[in-house]
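The structure under discussion appears below in the form of structure tokens.
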Amino acid sequence: MTISDVVIVGSGHAGVQAAASLRERGFEGRILLVGDEPDLPYHRPPLSKSFIVSPDAELDPLRSEEFFRHNDIDLWRGTRAIHLDLCARQLEFTNGERVRFHHLILALGSRNRTLPVEGSDLDGIVGLRTAQDAVRIRDRLSSAQHVVVVGGGFIGMEFAAAVAPSGRSVTLFEAATRTLARAVSPQTSAFLEGTHTAAGLTLESNASISRIEGRRGVVTAVVKDDGTHIPADLVLVGIGALPNTELAEAAGIVTGPRGAEGIVVDDHLRTKHPAISAIGDCARFPYNRGTRRLESVQNAVDQARCVAARITGSPERYHRVPWFWSHQGEVKLQIAGSIDDVHRTVVRGDTSTGRFSIFGYRGAELAVVESVNRPGEHLAARRILETRSPVLPEQAADPGFDLKAVHSRS
Ligand code: FAD
């Protein structure tokens, strides 16, 4: 039996940042960081972008091996936490170790939803989450001629944008009326769809898949509801993610109202058990007047910092403005805030130029800003959201209106 002051389960963006922030804040106790992936913790976003189409690209580590050694952070790779005993404050791992903790940080991330149709277990049907997934897909892409993407969310769109210019046939099916419908405005969806189809992507909205066909266990075609067969030798399924909550659920820690909605935490990111926190993709935290879960690097990193601050004696409530980026081919999209309940949008710039921002309003309040290839403008808009500085829709739409001056005035 080992004893560790802080155990962090999950060595993705959130877990690694929690360990790093604890040390930056002078925490001197023992830190054990455990992840079930075999690689040195790495940046996940490139996997659906440059990495997938660059045969020689390597993983981009979050921190070097030397960093973990130098900061006295015990990193166990390829090891899974399989049992959590709340009363004993003890964890059991697949390497046979049992560890007692004073504080536990659950940074378990999320996993891909699978496609609930016949044939979805055929060889060649893939999800993209880990480095190992990405390497397998990249290898497979070298011989694939007909690529189908199911789902027009961020991962599907990024992957499609990366692969479409290669000359292979690439078809993306989205069940809703437009891609990224829950994340961006109709204007931004339309812009991205136009850009990717111009680069060679075939895109069908309102399309649902009834089954997948194969020969000798290997995928050959995707069949739509109307019976149309689309040839496929690689099918990427990108239909969203589910939080990894099983470890917490089995231990009796509260998860979302319908079971699979995340590990419920308060505004200090504590679960019902005061010695256990949850951060990143797996955590459902108070947001506006409800609760929500976010899948973004910013959220993972900022929540990790917040928990590290509390453990080192500087508790603060978590209330950061959500921020996300997505690189799709040449398009660099940045989103600050949330599109939920936005009823009015105004465009700053001209969508036909490929450089613009969309300002979204909830009532009179600015709620979200999406910027396409406008990083400077986005930074100013983000500051405005963070400081809740007032900007009227007419001002936002006026290219002569100085956004940078707004938050310095307020
Ligand atoms: P993760 O990074 O998923 O890490 C959780 C880790 O915990 C995983 O390694 C998991 O295997 C491990 N784990 C789970 N259960 C156990 C257990 N019982 N024992 C041990 N280990 C366990 N976000 C952006 O902001 N911008 C982007 O452009 C972007 N692109 C993305 C592209 C891809 C392909 C993917 C998959 C995600 C992307 N994201 C992006 C989302 C972002 O990567 C995640 O929000 C972020 O990684 C969340 O960090 P996390 O630490 O909460 O979870």
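Here the structure is a predicted model, which is why all the values come from computation and not from measurement. In listed order, ligands and their atoms are each counted from 1.
- Inter-residue side-chain proximity for Met157 and His196 is flagged as met; some heavy-atom pair is nearer than 4.5 Å.
- Under a 4.0 Å N-O distance rule, the pair Asp267/Arg317 qualifies as a salt bridge.
- Checking Leu294, Asp36, Val297 against atom 25 (O) of ligand 1, the nearest heavy atom belongs to Val297.
- The atoms of ligand 1 that sit less than 4.0 Å from any heavy atom of Gly280 are 52 (O).
- The closest donor-acceptor contact from the side chain of Ser54 to the backbone of Ala57 lies at 3.5 Å or more, if one exists at all.
- Considering only non-hydrogen protein atoms, atom 4 (O) of ligand 1 sits nearest to Gly12 CA, 3.3 Å.
- Between Arg305 and Asp302 there is a salt bridge, since at least one side-chain N of the basic residue sits less than 4.0 Å from a carboxylate O of the acidic one.
- Residue contacts with ligand 1: Arg44 is placed with a nitrogen or oxygen under 3.5 Å of a nitrogen or oxygen of the ligand (distance criterion only).
- Between Leu62 atom CG and Ser11 atom OG the span is 8.5 Å, to the nearest 0.5 Å.
- If you look at His327 next to ligand 1, there are no close heavy atoms at all, none under 4.0 Å.
- Judged purely by atom type and a 3.5 angstrom limit, Asp350 uses its side chain to pair as donor or acceptor with the backbone of Ser352.
- Residue Trp323 has no nitrogen or oxygen atom sitting less than 3.5 Å from a nitrogen or oxygen atom of ligand 1, judged on distance alone.
- None of Arg292, Arg182, Arg289 except one satisfies the salt bridge (Lys or Arg N to Asp or Glu O under 4.0 Å) rule with Asp340; the exception is Arg292.
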Steps toward side-chain hydrogen bond (donor to acceptor under 3.5 Å, both in side chains) verdict (Trp323, His378): CA-CA 11 Å; Trp323 182 72; His378 190 77; 3.1 Å; yes

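- Polar contact check, Ser296 against ligand 1: a nitrogen or oxygen pair lies under 3.5 Å apart.
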Applying side chain to side chain contact (heavy atoms under 4.5 Å, CB included), run through His268 and Tyr318 and close with a yes or a no. CA-CA 6 Å; His268 284 77; Tyr318 185 75; over 6 Å; no

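- A cation-pi geometry, defined here as NZ or CZ lying under 6.0 Å from the six-membered ring centre and within 45° of its normal, does not hold between Arg374 and Phe356.
- Scanning the protein heavy atoms around atom 26 (N) of ligand 1, the nearest turns out to be Trp325 O, 3.1 Å.
- Val9 is listed as a side-chain neighbour of Leu91, based on a closest heavy-atom distance under 4.5 Å.
- Of all protein heavy atoms, the one closest to atom 53 (O) of ligand 1 is Gly109 CA, 3.3 Å.
- Annotation: atom 7 (O) of ligand 1 to nearest protein heavy atom, Gly10 CA, 3.2 Å.
- Listed by atom number, the atoms of ligand 1 under 4.0 Å from Ala107 heavy atoms are 5 (C), 6 (C), 7 (O).
- When non-hydrogen atoms are compared, ligand 1 lies under 4.0 Å from the backbone of Leu108 as well as from its side chain.
- Looking only at protein heavy atoms, the nearest one to atom 23 (N) of ligand 1 is Phe324 CE1, 3.4 Å.
- Nearest protein heavy-atom neighbour of atom 16 (C) of ligand 1: Arg80 NH1, 3.5 Å.
- Of the heavy atoms in Ala14, both backbone and side-chain atoms come closer than 4.0 Å to ligand 1.
- Nearest to atom 33 (C) of ligand 1 by heavy atom, out of Thr94, Leu62, Ile155, Val16, is Ile155.
- With a heavy-atom cut-off of 4.0 Å, Thr130 does not touch ligand 1 at all.
- Each of the following atoms of ligand 1 lies closer than 4.0 Å to a heavy atom of Arg129: 36 (C).
- For ligand 1 and Thr79, the ligand atoms under 4.0 Å from any heavy atom of the residue are 20 (C).
- Under the 4.0 Å criterion applied to side-chain N and carboxylate O atoms, Arg30 and Asp74 are assigned as salt-bridge partners.
- Pairs engaging residues 142-158 under the side chain to side chain donor-acceptor pair (under 3.5 Å) rule: Ser48-Glu158, Lys49-Glu158, His146-Ser169, Glu158-Ser326 [sequence neighbours left out].
- Taking 4.0 Å as the cut-off between side-chain N and carboxylate O, Asp266 and Arg270 count as a salt-bridged pair.
- Some N or O of Glu37 is nearer than 3.5 Å to an N or O of ligand 1, by distance alone.
- Within ligand 1, counting atoms from 1 as listed, the ones closer than 4.0 Å to a heavy atom of Glu295 are 45 (O).
- At a 4.0 Å cut-off, not a single heavy atom of Glu246 sits close enough to ligand 1 to count as contact.
- Of the protein's non-hydrogen atoms, the one nearest atom 28 (O) of ligand 1 is Lys49 NZ, 2.7 Å.
- Evaluated by nearest non-hydrogen atom to atom 46 (C) of ligand 1, the leading choice among Ile82, Asp281, Val9 is Asp281.
- Of the candidates Ala18, Pro322, Ala300, Pro45, it is Pro45 that places a heavy atom closest to atom 29 (C) of ligand 1.
- Checked against a 3.5 angstrom limit, the closest N/O atoms of Ala81 and ligand 1 fall inside it.
- In terms of protein heavy-atom proximity, atom 32 (C) of ligand 1 is nearest to Ser48 OG, 3.2 Å.
- Looking at Glu365 and Arg388, a side-chain N of the basic residue comes within less than 4.0 Å of a carboxylate O on the acidic one, giving a salt bridge.
- Of the heavy atoms in His13, both backbone and side-chain atoms come closer than 4.0 Å to ligand 1.
- Of the N and O atoms on the side chains of Thr179 and Glu193, at least one donor lies less than 3.5 Å from an acceptor on the other residue.
- Atom NE2 of His70 has 12 or fewer heavy atoms from other residues, nucleotides or ligands within 6.0 Å.
- Looking at Phe154 against ligand 1, nothing comes within 4.0 Å, counting heavy atoms.
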